[in-house]
Amino acid sequence: MQKPSPQLLHQQSGPFFLALGGAGEIGANLYIYGCQGYWIAVDCGQGFRSTPSGETQTVVPNIQALEDNGIKIQALLITHSHEDHIGALPWLWKRLNCPVYASPFAAGLIEKRVDLGNSKLQMHQIQPLKPYSFGPFQAEWIPVTHSIPEAHGIYLQAGGRKLYHTGDWKLDPNPVVGHLTAIKRLQEIGNNGLDLVIGDSTNAPNPGHSESELQVQEGLHRLISPLPGRVLVTCFASNVARLSSLGTLARKTGRHLTLLGRSMERIHGLAKSLDYLPNFPTLIPPRDIGYLPRHEQMIVCTGSQGEPKAALARLAQGSHRQLELEEGDRVVFSSKTIPGNEEAVERLHAQLKHRGVELLTSDHGLIHASGHPAQDEIRQLYSWLKPKHLLAMHGEYRHQAEHCELAKALDISARVPFEGEIYDLSALPRLAAKVTSGRWLVDNNQLVALEN
């Protein structure tokens, strides 16, 4: 495939689409859109990679192709604040050197994650359902339910074409925390004619409908309420709805709540400041929780993915400064294992079992729900949007291929883009050129190039 010509990159109307992450994997999402020589990016996330020794490494998209081809990103649009969508910013934002547009929750997390030094990050907080102009692009953030507050799809108009970038989403009628999906606006977009969806493929192979966060809250209550002794729950720190549910559960079961882990504390503080946890119980400092009767203790901690520096890993190793696990304690994994972390999680499980700790996982009940749509939800969304075409993104190839088959059954033309491919979206999506892509390894806060 030929390299992009200067005319394509800097003069032609397009619009054009390029994935530098998020194609063929779950993670490291970075999507580029261009029109008339003006380029914007959607999301900037990190990913994970396992080494032969079982170590989990952090990787970020290699954006050298942008610099090599003279592509200057004019604005970075954030769909939501999960690490696979914002986690690369600490290492890439100075290279991108552009304004960032995000919701208040995402903006708050980004500002806490990025070390500005003497530089100033141009952060703009968006309002959903309001149009924003970026050169020839018009963008609108559409509220959707997901496993974090303030998740959005982005409706883009450029070059006479109408596109919908789904971001991460699901249809949850009871999300516990945050807004509902803006169904009426999605229907309006569909009725006005939509050319293309760039869509989340993560759960496209799964039949049916994803579970609601309210169902998870009920499942956790059934599992934890009869347990004696100390209970620890590990979950994704960003899942504010899960944190809210555990606060409700602590009250119902007469337990006192402690948080362990910097990211958990950071999310809790931000969620409280934005009024997402209005009735959350008063926290017990970690240094004091051990003085309470063990059946009154509930500890929510980071480390569900086996991260070696997270609170749960240090507890499993006996190296936590403020708390020590004892035989008979129970650890509830209210999470799933992200691809790439399997060996680290298995190693964590083995360390906990060696200490006589009982592990409770999704095998013991409905205690985790995916934040991504299964097949019935995808069909429902496409019945509202009525898209002509689909580019299946955000997933491994098998997820993307299943997504395409589902779309084709709905008379939507669909294809799987590969990383580095530039698609001309001015008519039927057409592969127009290709650039070099890959990953940079984060090694002691330095970026080291890896082969794709």
Side-chain angles (χ1 to χ4, degrees), residues 16-34 38-49 57-67 69 71-117 119-126 132 134 137 139 141 146 148 150-154 156 165-168 198 200 238 263 338 393-395 417 419-420 435-442 445-447 449-450 452:
F16 299 98
F17 171 81
L18 163 66
L20 290 179
E25 67 176 324
I26 298 175
N29 295 280
L30 177 58
Y31 307 103
I32 313 296
Y33 292 90
Y38 191 101
W39 295 84
I40 62 174
V42 174
D43 292 336
C44 187
Q46 69 182 26
F48 299 102
R49 177 170 298 193
Q57 298 176 322
T58 298
V59 294
V60 301
N62 185 328
I63 61 172
Q64 189 63 45
L66 301 181
E67 300 170 11
N69 288 279
I71 297 175
K72 167 61 180 156
I73 302 300
Q74 302 294 332
L76 172 60
L77 285 52
I78 301 297
T79 61
H80 68 288
S81 49
H82 274 144
E83 289 296 299
D84 61 329
H85 293 260
I86 67 168
L89 271 171
W91 297 281
L92 298 185
W93 79 271
K94 287 184 179 179
R95 288 176 178 262
L96 294 172
N97 191 28
C98 66
V100 178
Y101 292 78
S103 72
F105 191 87
L109 282 182
I110 291 169
E111 289 171 341
K112 291 177 183 297
R113 290 275 281 111
V114 175
D115 181 9
L116 299 178
S119 304
K120 181 173 177 58
L121 178 67
Q122 300 178 58
M123 176 65 68
H124 301 271
Q125 293 190 13
I126 61 94
Y132 291 81
F134 304 96
F137 288 92
W141 277 257
H146 185 44
I148 197 169
E150 300 176 9
H152 299 89
I154 299 180
L156 292 169
H165 185 108
T166 69
D168 291 5
I198 299 89
D200 177 2
S238 60
S263 59
I338 296 173
M393 301 303 301
H394 199 294
E419 203 172 279
V435 298
T436 301
S437 64
R439 293 290 174 271
W440 281 323
L441 169 68
V442 178
N445 289 324
Q446 300 293 318
L447 297 181
L450 295 173
N452 195 354

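These values consider heavy atoms only, across backbone and side chains, with no hydrogens, waters or symmetry-generated copies.
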Any side-chain heavy-atom pair of [X] and [Y] under 4.5 Å:
X	Y	result
W91	Q46	yes
I78	D43	yes
V442	L447	yes
I26	I338	no
R49	L441	no
F16	I32	no
L77	Y33	no
E150	P104	yes

Please report the shortest heavy-atom distance between [X] and [Y], naming the atom on each side.
X	Y	answer
G87	R113	O-NH2, 3.6 Å
G34	F137	C-CZ, 3.6 Å
A23	P417	CB-O, 3.8 Å
H152	S103	CE1-CB, 3.9 Å
V60	A88	CG1-CB, 3.6 Å
A102	A106	CB-CB, 3.8 Å

Value rounded to 0.5 Å, distance of [atom1] in [X] from [atom2] in [Y]:
X	Y	atom1	atom2	result
L92	L20	CG	CG	10.5 Å
L96	L76	CG	CG	6.5 Å
I110	C44	CD1	SG	9.0 Å
I148	L109	CD1	CG	6.0 Å

Worked check of side chain to side chain contact (heavy atoms under 4.5 Å, CB included) between T58 and F48: CA-CA 5 Å; T58 298; F48 299 102; 4.2 Å; yes

Indicate the ring-plane relationship of H85 and H80, choosing parallel, tilted or perpendicular according to the 30° and 60° boundaries.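 Rings of H85 and H80: tilted, as their planes differ by 30° to 60°.
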
Take the angle between the ring planes of F17 and Y31 and call it parallel below 30°, perpendicular above 60°, tilted in between.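 F17 and Y31: parallel rings.
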
Donor-acceptor contact below 3.5 Å, side chain K72 vs main chain E67: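 A pair under 3.5 Å: no.
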
Any donor-acceptor N/O pair, N69 side chain to I71 backbone, under 3.5 Å: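 Absent.
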
With D168, which of T79, D200, N29 fulfils side-chain contact (heavy atoms from CB on, under 4.5 Å)?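 Per the side-chain contact (heavy atoms from CB on, under 4.5 Å) rule, the option paired with D168 is D200, out of T79, D200, N29.
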
Go through the side-chain N and O atoms of H124 and Y132 and say whether any donor and acceptor fall under 3.5 Å apart.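 No, because no side-chain N or O of H124 sits under 3.5 Å from a partner of the opposite role on Y132.
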
